[in-house]
Amino acid sequence: MGNARVIERFFLSVCSLLFLLWGSAVYAQDGEALAKTWCSSCHLFPEPQLLDKTTWADKVLPDMGARLGLKTFRDGTYRPNSKVPDGVYATEPLMEMAVWEQIKSWYESNAPDELALPRWQFRTRLEQFGIEVPEREEHDFPAATAILIDGASNRLLVGDAHETDLKIYGKNLDLLNEIRSGGIISRILPLPSGGYLATAIGGTISPTEDRHGLLVEIATDKVPAINRLVRGLRRPVDMAFGDFNKDEKTDYVIAGFGTHFGKLTLHLSQGDGRLGETVLLDDAGAISVKVVGDDLLVLMTQGDERIIRLENFASDQSITAETIIRFPPSQGSSSMSVLDFNSDGIMDLLYTAGDNADISPVYKPYHGIYLFTGQKDNTFRQELFFHLDGAYGAVAEDFDQDGDMDIAVISYFPNIGQGLDETGFVYLQNNDGDFAPKYIEGIGKLGRFVAISAGDIDGDGDADIALANLAFGPPGPMEISPELQGQWYDGTGMVLLRNQLR
């Protein structure tokens, strides 16, 4: 009898163990299936390997739970961000708690303890460019948010958030003019008339739902003038202009990045001189717009990160957005340029990912500069990835004039522990498709760079580079020493890298 009970207990123990093992497998499978169902409904499915376990558990998933209307979880509380407007967080739970438990547990079980960054690519010193800065006045504070080298007029233009103006420098960095812009400038484009077009996001660089953004035309003759073309925009960060509907009048596209609410809008000139607005995309996150023929290419961020194409966007027909490339929501897309990089007559995309200030501020292996080359079937193929933490913008020119395009990249969230000069600015020298990374000695202490421009400022036949120093802002994953922060604050709003090839 005793032996029978021992055997029975042994049998039940084995069965219980098998059940637990089988049940765990089903549980894990259910968690994955549920995650793919729920987490793919608004954006590309985020694999657990995109972030480390702690970031998933303590930051990303709690914010997602709050957005789903969940109030309490595992003896804790999900608190919506009080600064977020109504309509972002659900007021009632959108899923059962048991479902959320499976999803959260699956991410926690499958995420790595820490992210493995790509192997460091050694940089060599770049001697081709000389560093120049303008004269700094005592009250100056480096808060540049936009920059443009205008080679046609040998000028350098800087949007200054501290003074809320547009500063215009000559080719020797002498200050020619300061023009009140009506807001903090986020993008500058030259106009055929000799003036400039600019977007202004309002009075603060912080996220806001305010409608204080502007599209302005700036004349720079003897009597500078500001013409406010469009008002009431939500944080416009980019624009394009042209005669889009072929009526011999100038039209505009504006990327209203917004924060939680924003719009991509088309503004066609009317017969009475006014602009008529058409909403192309009623969504926040448009950060770069480029017109290619009759089509519009747009880089979208804010959750569903992707590059889209709007064909015949200025026509009277209904317009659909075709997704060209889609990225996971943690990608941190920061800029997009359209150019014929390989001179094959087909447009290519130069793209950076490096925004690192939101709910997942950790150094990420997929941050850096990407080159997608256009194919004959209108698709794009990735040709280059260079890892650079916090990559925020890039320009491509034949800087060394050897017949191919080189690339210069800036980082706003550099991994300064890997070297101050080596991480805030990187030059990729193109040697027949083999890109050699280079750095400039002494550049790291001069600023925290948020914008970049290339052009021939002095008319000597080679392209120079200008960098905008926005010395303050969210640190992201950076550990900024007081000494370094002081150096950035003591710098100037812009740095010119003058090409010494000629």
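Every heavy atom of this structure was used, including side-chain atoms; hydrogens, water molecules and symmetry mates were not.
- Qualifying salt bridge (charged side-chain N to carboxylate O under 4.0 Å, His left out) partners for Arg381, counting only residues two or more places apart in sequence or in other chains: Glu383.
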Return all side-chain donor-acceptor pairs below 3.5 angstrom for residues 247-258, not counting sequence neighbours, or 'none' if the list is empty.
{"from": "Asp247", "atom 1": "OD1", "to": "Lys249", "atom 2": "N", "distance (Å)": "3.1"}
{"from": "Asp251", "atom 1": "OD1", "to": "Ser269", "atom 2": "N", "distance (Å)": "2.9"}
{"from": "Asp251", "atom 1": "OD2", "to": "Phe244", "atom 2": "N", "distance (Å)": "2.9"}

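- Note: Phe129 and Phe399 have perpendicular aromatic rings, judged against thresholds of 30 and 60 degrees for the angle between ring planes.
- Arg498 and Asp464 are not joined by a salt bridge, as no carboxylate oxygen comes within less than 4.0 angstrom of a charged side-chain nitrogen.
- At least one side-chain heavy atom of Leu350 sits less than 4.5 Å from a side-chain heavy atom of Ile407.
- Between His387 and Phe385, the ring-plane angle classifies as tilted under the 30° and 60° cut-offs.
- By the neighbour-count criterion of 12 heavy atoms within 6.0 Å, atom CZ of Arg180 is densely surrounded, having more than that number from other residues, nucleotides or ligands.
- The existence of a salt bridge linking Glu422 and Arg123 is excluded, since no basic side-chain nitrogen approaches an acidic carboxylate oxygen closer than 4.0 Å.
- Counting heavy atoms of neighbouring residues, nucleotides and ligands inside a 6.0 Å radius, atom CZ of Arg326 exceeds 12 of them.
- Remark: Arg448 is not positioned above the aromatic ring of Phe472, lacking an NZ or CZ atom under 6.0 angstrom from the ring centre and at most 45 degrees off the axis.
- Between Lys167 and Asp160 a salt bridge is recorded (basic side-chain N to carboxylate O distance below 4.0 Å).
- Remark: Arg67 engages Asp63 in a salt bridge, criterion side-chain N to carboxylate O under 4.0 Å.
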